[in-house]
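Treat the numbers as computed from the prediction; the structure is a model and nothing was measured. Chain identifiers are assigned alphabetically (A, B, ...) following the order of the sequence lines, protein sequences preceding nucleic acid strands; residue numbering begins at 1 within each chain.
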Protein chains: 2
Amino acid sequence: MNEPMTRDAEHSRARILEAAFELFVDRGFDAVSMRELAARSGVTKSLIHHHFGTKEGLWDAVKEAAFARYYEGQRDELEGASGPDAELLRKGVVRYFRFLQENPQVVRLFTWMHLEGDVTCNEMDAELVRLGAGRVREAQEAGLLRSDVNPTHVVTIFIHACSQWFEVRPQHKNWEGIGSDDEYLDDFLKIFMDGLAPRAPETDTDGN
Amino acid sequence: MNEPMTRDAEHSRARILEAAFELFVDRGFDAVSMRELAARSGVTKSLIHHHFGTKEGLWDAVKEAAFARYYEGQRDELEGASGPDAELLRKGVVRYFRFLQENPQVVRLFTWMHLEGDVTCNEMDAELVRLGAGRVREAQEAGLLRSDVNPTHVVTIFIHACSQWFEVRPQHKNWEGIGSDDEYLDDFLKIFMDGLAPRAPETDTDGN
DNA sequence: CCACTAATTGACCGGCCGGTCAGTCAGTGA
DNA sequence: TCACTGACTGACCGGCCGGTCAATTAGTGG
């Protein structure tokens with residue numbers, strides 16, 4: 001390997017952050033000790049304090065780095081999309097689902113953050129939802145999606161349906177009748193997209 | 001108050017369980033110390049060990065008690081419902097949503113359990129989903145709900161949409177454009193119920 | 001009333017916790 | 001070459017951790 005024999009602050013910081021991400025995501029902030037972090041990083045406990053100050057400082061750095069990656073990827077995809085299109089929403093859901101599928105650690109990290117009431121990422125979070133809701137609103141105004149639902153709620157609903165799926169999947173994968181990731185996604189998309197189709201008042205089946 | 005001046009094991013156990021439930025739900029197992037639990041319960045640390053053995057034993061007892069209450073309430077409602085009816089599903093969603101709304105601590109407890117990979121309640125959990133999925137299947141067979149979706153997934157989707165809403169509500173309540181609990185529920189029900197309506201093949205809009 | 005059980009207590013244990021600090025040493029610019 | 005910066009180390013700190021145990025005491029059945 002390319003183990004640097006000399007001192008390299010950036011390399012050390014990266015090793016520490018990587019180990020901290022894995023351990024914190026796996027067991028939570030309080031269940032991980034600085035000694036364990038040091039051992040996993042291959043550095044001394046003192047060096048972690050040198051680079052990150054306190055255990056909380058390291059935790060903040062871990063969250064910041066992970067969320068920054070998530071935020072930039074999501075924002076680029078949202079901003080890169082073209083004009084209003086109902087299929088755009090479907091693709092957005094699939095993309096978000098695939099991202100969580102490939103980054104299960106991110107789901108756990110966000111869950112820890114929610115439980116501890118972390119609000120440091122709220123602004124970026126809100127920005128992503130704002131962008132997504134704007135897309136939905138465009139499609140509504142173009143008559144491609146029903147207009148009697150709150151665009152922010154539309155985004156919120158599919159975020160919830162996706163993230164919760166991966167949050168509880170380890171426990172529920174043995175439920176009777178439960179399908180694979182793709183089968184769940186397919187069923188969700190059927191209900192979600194058909195439920196969002198523009199209402200056709202004349203086809204009302206039982207006079208409401 | 002009816003504070004017993006004499007010894008009362010049941011009363012002590014209840015006080016300990018109550019304090020442990022609040023603290024564990026609020027901050028998580030690892031972030032709470034036995035000393036803090038003792039102070040909150042108004043008993044000594046030794047007494048907690050006397051009644052529950054270890055800290056893990058107390059945690060297990062807390063989870064068991066909370067989940068038992070949840071399970072019995074949900075099961076009674078599911079079994080008490082009458083024959084297949086599309087409106088039954090809507091009412092089931094509303095009931096589940098209201099339950100979480102009135103018991104936010106339960107949402108947090110389940111989230112902690114999921115993060116730590118707890119599987120002790122999986123059997124009861126699966127039983128509830130099995131009952132709900134059976135109701136959905138009945139409605140499908142009666143032609144009241146679309147039949148091309150997995151009934152277990154239908155139940156899973158609304159559980160996810162409801163529980164995640166309350167899990168992240170503290171952080172997201174200030175999102176631009178987000179509505180109240182009831183407004184979110186209304187919008188979800190619109191999309192969910194319309195998306196589950198029986199398909200009308202002749203009204204296909206673009207030939208699929 | 002007395003023996004017995006069990007609820008309850010407080011002192012105490014070894015160990016691990018996060019954090020500090022003086023000191024060493026590798027790189028670097030003058 | 002040499003002074004200086006900062007990456008890095010290991011010994012050490014006070015404190016809190018979960019858990020134990022002998023002793024006390026309040027109920028309880030005989």
Side-chain angles (χ1 to χ4, degrees), chain A residues 1-65 112-113 115-116 118, chain B residues 1-65 112-113 115-116 118:
Chain A
M1 313 304 177
N2 51 355
E3 300 270 344
M5 294 304 154
T6 60
R7 299 179 172 191
D8 184 342
E10 278 313 303
H11 180 255
S12 295
R13 285 182 62 98
R15 292 251 298 169
I16 294 165
L17 276 174
E18 187 183 351
F21 178 75
E22 288 174 9
L23 288 176
F24 283 149
V25 161
D26 189 38
R27 309 216 306 277
F29 177 77
D30 292 293
V32 179
S33 75
M34 293 297 282
R35 284 163 176 80
E36 190 176 4
L37 285 164
R40 175 77 79 101
S41 314
V43 303
T44 57
K45 187 164 61 77
S46 306
L47 189 62
I48 304 181
H49 280 107
H50 174 71
H51 283 303
F52 297 96
T54 66
K55 193 185 176 190
E56 277 80 9
L58 176 59
W59 180 218
D60 287 342
V62 165
K63 291 186 287 191
E64 199 170 323
W112 289 116
M113 290 170 66
L115 278 174
E116 69 180 26
D118 191 297
Chain B
M1 315 304 179
N2 51 355
E3 301 268 345
M5 295 303 154
T6 62
R7 297 182 172 189
D8 183 341
E10 278 312 302
H11 180 255
S12 295
R13 283 183 64 98
R15 291 251 297 168
I16 294 166
L17 277 174
E18 185 184 351
F21 178 76
E22 288 174 10
L23 288 175
F24 283 149
V25 160
D26 189 39
R27 308 216 305 278
F29 177 77
D30 292 293
V32 178
S33 75
M34 292 297 283
R35 283 163 177 81
E36 192 175 4
L37 285 165
R40 176 77 77 104
S41 314
V43 303
T44 56
K45 187 164 61 79
S46 306
L47 189 62
I48 303 181
H49 280 107
H50 174 71
H51 284 301
F52 297 96
T54 67
K55 192 186 176 189
E56 277 80 9
L58 175 58
W59 180 218
D60 288 342
V62 165
K63 290 186 288 190
E64 199 169 323
W112 289 116
M113 290 170 66
L115 277 174
E116 70 179 26
D118 191 296

Original post:
Centres of the B:Phe29 and B:Trp112 rings: under 6.0 Å?
Top reply: no
Subject >> Closest-nucleotide 5' rank along DNA chain D - winner of A:Arg13 and B:Lys55 >> reply: A:Arg13
**OP:** Search all heavy atoms of B:His51 against all heavy atoms of B:Arg13 and return the closest pair with its distance.
**Re:** O-NH1, 3.3 Å
**OP:** Heavy atoms only: give me the nearest A:Thr44-A:Ala38 pair and the separation to one decimal.
**Re:** C-CB, 3.8 Å
In whole angstrom, what separates [X]'s [atom1] from [N]'s [atom2]?
| X | N | atom1 | atom2 | answer |
| --- | --- | --- | --- | --- |
| A:Leu37 | C:dG19 | CG | P | 11 Å |
| B:His11 | C:dT8 | NE2 | C1' | 15 Å |
| B:Arg35 | C:dC16 | CZ | C1' | 13 Å |
| A:Ile48 | C:dT20 | CD1 | P | 14 Å |
| A:Glu10 | D:dC8 | CD | P | 10 Å |
| A:Glu56 | C:dC17 | CD | C1' | 12 Å |
| B:Leu47 | D:dA23 | CG | C1' | 15 Å |
| A:Phe52 | C:dG19 | CZ | C1' | 16 Å |

Does [X] put a side-chain nitrogen or oxygen below 4.0 Å from OP1 or OP2 of [N]?
| X | N | value |
| --- | --- | --- |
| B:His50 | C:dA7 | yes |
| A:His51 | D:dC8 | yes |
| A:Ser33 | C:dC17 | yes |
| B:Ser46 | D:dG19 | no |

Original post:
Should A:Thr54 and A:Trp59 count as side-chain neighbours, where that means a heavy-atom distance under 4.5 Å?
Top reply: no
Original post:
Got A:Ile16 and A:Leu37 here, is their nearest side-chain heavy-atom distance under 4.5 Å?
Top reply: no
**OP:** Classify the side chain of A:Arg7 versus the base of C:dC25 as yes if they form a donor-acceptor pair under 3.5 Å and no if they do not.
**Re:** yes
Subject >> Nearest listed nucleotide, side chain of A:Val43, among D:dT9, C:dT8, D:dG19 >> reply: D:dT9
Original post:
Pick the nucleotide of DNA chain C nearest each of B:Lys45 and B:Ala9; which residue has the one closer to the 5' end?
Top reply: B:Ala9
